[in-house]
Structures are given as structure tokens and as C-alpha cells.
Amino acid sequence: NRLMQPERDSQAAWVNGGQLDLQNSHDVQMGAGSEVIVDAGGRVDVQGDIMVGKAGSVAMRADVADVPSDGSGRVHLGDGARFSALGVNQSGEFLLETGGKVQIGGMPADDALTLETRLFASGFSSYDINGHAGVVVPEGVQLHVLRPSVRPTTGALSAVDHKAALETWQAPLYQVDPGSGAVTRREGADLTLRSERLFAGGGVSVGEGALVEVDSGKGILLRAAENITVDGTLRARSGRIALEGVRYTAGAYPSIPGTRTWRLGDTAVLDASADSFVAVDASGRRQGIVNAGGRITLGGDLDWETRNAVADSVDAFVVVDAGARLLASGTSERLDVQGQGVQQVDTDGGRIVIRSANALYLQGALEAAAGGVSAEGGTLGVAFGGSVYGPTAVDAVLVPRELALGQDREQGLNNDAPVYGHGYLSLEQIAQGGFDHLSLFGDVRTDGALSLAMDGSLRLLGSIGF
């Protein structure tokens, strides 16, 4: 504090938190009660202006792939171990990688590193959790990924230490300036749950009744070398939800049948639907933010239209059970618009993209409707095929990949035993989902008489058979 202690000007503190990177081909251990703190600091200049820095980053990596190892390396966190990365506008990443399994929340498991949900409110801007043997969020766990920060205390100008100058607080999701009416959204944090090491790894699962939620506009990524199963809720309003596979993309697809399955169960909800916030300012005007629908991608984004019609689809059976819901619709609010009075503000639906090289079972609800009459419905992209096999591939994996377009939803399927080559998309789903744009990659055939009306576009890369 140069205002209070000008004689200590040459001893001005660093205001940014540092970086801690612990990695080992074997174990990384953190003792009971240990604390890793990379919080921001601050300073007061001679004019009485307060500056608060940005927080740092932490990486704890065991069983790293930089050198050969026997796979036994584990991260061990003692009871009460704590991390903190509190800043103002910026903070770094938290990365944890271990050779075993990771469980988030729930009762501690003997065969897994159990992370308490409070870890995900430590102030970091992103959390990347990699369990080489798998990552699981058990049934009923409520994981809210938050990003608390620090702000100057009321006595900051006279403070001479960190504790007296800065206090921890969790900003509301949206804040309105009472004078100008300007609305801002707080800084949130992204979340990655993955299982991979050198193109291998385990699965990722989210149990029934579990909730994994990030702030509006942020992202959730599940990435696995084996199965991905979601029976709970992933929520990233107006943000990004992605499922990705792990594969050596320069090589051919496996020559023998596999069982890798991405399943969104009957109780699964992937929610990237639009959110909004409205408040009345000091002049009585309705001010706010009305966001568009977000993005849900299973196996990659909508890129085949810009990559010379090449789709590197995921080597997995993609199953969306009948009760599953993928939500990316827009929304609507009434706001005061300068010079126009109160107006209805509608936002567009988002994007849902589903890709598979093996099979598509799409029975659940896919929704990306416009928020109102002045907005557009979203885009549905479906890619089926794109796999390349070597000369030793067996007939079971070489069956043709044809995406069947039918008017009604499929009935009576055995989703528990998916087979290579099955692909079906119902026009009833597209219409009920409110899409205005449809993009298809692959060989498409029609199954009976079809009727579909959209206000946007239909794009096809591949062949079509009637």
C-alpha cells in the first residue's frame, strides 16, 4: 500500500498469482491439510487507486506419458487438502491427471481418487480432470462449477496486508448497474472430464439424478477412449456441451467389431438452451441480456462443409434413448429498446451435431427452436460414416453406412445391442425440435413418403436414394 507506506515503494508486491506444476511418471502426493494457494494480490498506488491482479494455475499430474511407466502412478490428496485461485478478471487452469480412476463427489471409493465437489469452486477459470482408468460422477451428485473471486474490502485503502485488503465473494450470475442499466455476466469456469493416455483410457459416466452445471456461456466437455454414459443432467445454458472420442486419427479404424458406446439414457438431459436476465433500472426501463441457444456436439462439430466433405466421425455407437433430451432452443424477453420503447426480443435456436462412424440410434428429443417469431430455429447436423478400414477388416465392420430418413420415429429397437450400419433420422423429430436448418453428411436413403418444411436450409454432402 503505497498510500499508507510510501517508504516501501521499492518493496511493491507482485499482484499476479503464480504457477505450480507437479508431474511425475509415478505418484504425486499432497499431505493432509495441505494448501496450494495461487490467489491474486493487490496494491494501492499513491493516488489511492486499487489494482487487483489475476490468479494463477495448478497442475498435478501422475503417470504422465512423457516417459514410459507401468501405469501405477497416482495422485494422492490428503484429508482437507485445499486449492485456491481467487482473482478478479482472470485466473488460470486447474489440471489433475492420475493413472487410476477419478470419482467426483459421493462416498469415497476404494478404487478411485475421490474429489470433493467444493474443489470446483476454488476460483480457477477451467478444470481439467483426467483419470486414465475412467471418470465417474455418481448418482445424485450435484456438481456446480463456480468461480468465486476477490474484491477490495471497505477498508482496503488503509490496509497493509492481503487479508485486510481483499475479501472473497461470489458474484451473482448477472449484475445490473443501477445508474446506466448496463447488465454484465459474471466470469464462470469451463469443465473437462476425460479419460485418456496415449490414445487409450477408460470411460466417463454421469449417473442418474446427478447434475453437472457450469455458468451460462461456459462449456462442459466429456472425452473418453471407451464408453461415455450420461443418465443425469449436463447444463451449460447458452454455452457448449461436447462429447469427444480418443483415437489416433492418422490410422485406419479397427478391423474387428468393437463395443464402444456413447449412450444418453432415458433420464439424460443435455441442456444448452438459452437463458436471459431482465432488471428494471433507476429510470424504470427494462434492461437485460437475452442469449441465443448454445451448442451440443456428439463426436465433433459441424465442420464437414468446410473440410472438403471429410468427416472424421467417432468410432462408437451413438445411442440417444427415447427419454433423453438435447436442448438448445432460444428464448424471448420484453426489453426497452432505445427509441423504440418496449420490444419483444427473440433469440435464435442453437446447434446440435451428432456424428458416428458405426451406428446412430436417435430416439430422444432434439430441440433447438427459435425463441420467438422474429428469430430462427437452430441447426441439426448429422454425419454417418466417414470411416476408413485396412485390408484385414472383417465383414461385420464393413457393412454399408446409410442414413435412413423416415417420417415417424423408430419403434421397437433394441438399443442395448447396437449393430454396425444402423442409422435412422425421423423428420418428426426435426419438426418437433423447431430446427430451421438441416445438414447431413453421408449416404442418405428415404424410407417411405416424406414431408418436412423448414424456413432455413437443407444441405447434403453425400448421395441420396429415393
Side-chain angles (χ1 to χ4, degrees), residues 18-31 34 36 38 56-78 81 83 85 92-104 109-115 119-120 122 124-137 189-206 219-229 242-256 258-262 297 299-300 312-316 357 388 390:
Q19 298 180 353
L20 176 68
D21 187 352
L22 302 177
Q23 54 180 295
N24 194 354
S25 58
H26 290 81
D27 289 353
V28 173
Q29 300 192 36
M30 187 171 170
S34 299
V36 176
V38 291
S57 59
V58 172
M60 303 190 71
R61 302 175 59 208
D63 191 32
V64 297
D66 300 359
V67 297
S69 72
D70 61 4
S72 64
R74 300 289 187 268
V75 170
H76 300 276
L77 301 181
F83 301 88
E93 177 188 53
F94 179 85
L95 189 153
L96 186 146
E97 180 177 2
T98 183
K101 183 186 294 185
V102 174
Q103 175 180 302
I104 298 175
D110 294 336
D111 63 342
L113 169 64
T114 301
L115 303 178
L119 166 66
F120 299 88
S122 300
F124 296 95
S125 62
S126 65
Y127 297 85
D128 184 345
I129 309 299
N130 184 1
H132 296 168
V135 177
V136 58
V137 181
D190 298 313
L191 175 67
T192 296
L193 304 179
R194 59 190 175 107
S195 182
E196 59 176 311
R197 185 182 189 274
L198 295 178
F199 307 110
V204 174
S205 66
V206 178
I220 299 172
L221 168 62
L222 307 185
R223 179 178 169 89
E226 292 299 332
N227 296 341
I228 297 178
T229 304
L243 275 59
E244 293 183 357
V246 177
R247 192 181 76 83
Y248 179 58
T249 57
Y253 283 67
S255 297
I256 59 175
T259 60
R260 184 181 297 110
T261 302
W262 293 2
T297 59
D312 181 30
S313 296
V314 62
D315 178 26
V388 177

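Note that the structure is a prediction, hence the values are computed from the model and not measured.
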Looking only at atom types and distance, does a side-chain atom of [X] sit under 3.5 Å from a main-chain N or O of [Y], one as donor and one as acceptor?
{"X": "Ser122", "Y": "Ala85", "value": "no"}
{"X": "Arg197", "Y": "Gly99", "value": "no"}
{"X": "Ser125", "Y": "Ala189", "value": "no"}
{"X": "Asn130", "Y": "Glu196", "value": "yes"}
{"X": "Asp190", "Y": "Ser126", "value": "no"}
{"X": "Thr192", "Y": "Asp128", "value": "no"}
{"X": "Ser69", "Y": "Asp63", "value": "no"}
{"X": "Ser195", "Y": "His132", "value": "yes"}
{"X": "Thr261", "Y": "Asn227", "value": "no"}

Inter-residue atom distance [X].[atom1] - [Y].[atom2], 0.5 Å rounding:
{"X": "Leu113", "Y": "Lys101", "atom1": "CG", "atom2": "NZ", "result": "12.0 Å"}
{"X": "Leu119", "Y": "Ile129", "atom1": "CG", "atom2": "CD1", "result": "6.0 Å"}
{"X": "Glu97", "Y": "Arg194", "atom1": "CD", "atom2": "CZ", "result": "6.0 Å"}
{"X": "Leu243", "Y": "Ile228", "atom1": "CG", "atom2": "CD1", "result": "4.0 Å"}

Can you give me the closest heavy-atom contact between [X] and [Y], atom names plus distance?
{"X": "Ser34", "Y": "Gly31", "value": "OG-O, 2.8 Å"}
{"X": "Met30", "Y": "Ala81", "value": "CE-CB, 3.9 Å"}
{"X": "Gly201", "Y": "Ala225", "value": "N-CB, 3.4 Å"}
{"X": "Ser313", "Y": "Ala357", "value": "CB-N, 3.5 Å"}
{"X": "Gly390", "Y": "Ser255", "value": "N-OG, 4.5 Å"}
{"X": "Leu198", "Y": "Ala65", "value": "CG-CB, 3.7 Å"}

Could you tell me if the side chain of [Y] sits less than 4.5 Å from the side chain of [X], heavy atoms only?
{"X": "Val28", "Y": "Arg61", "result": "no"}
{"X": "Phe120", "Y": "Ile104", "result": "yes"}
{"X": "Met60", "Y": "Leu77", "result": "yes"}
{"X": "Gln23", "Y": "Asp66", "result": "yes"}

**Report entry** Member of Val136, Val137, Leu221, Ile220 meeting the side-chain contact (heavy atoms from CB on, under 4.5 Å) criterion with Leu193
**Finding:** Val137

Output all residues satisfying side-chain hydrogen bond (donor to acceptor under 3.5 Å, both in side chains) with [X], sequence neighbours left out; order by chain, then residue number.
{"X": "Glu244", "value": "Arg223"}
{"X": "Arg74", "value": "none"}
{"X": "Ser72", "value": "Asp70"}

Report task. Name the orientation class of the two ring planes belonging to Phe83 and Phe94 (parallel below 30°, tilted from 30 to 60°, perpendicular beyond 60°). Result ->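 If you compare the ring of Phe83 with that of Phe94, the planes turn out perpendicular.
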
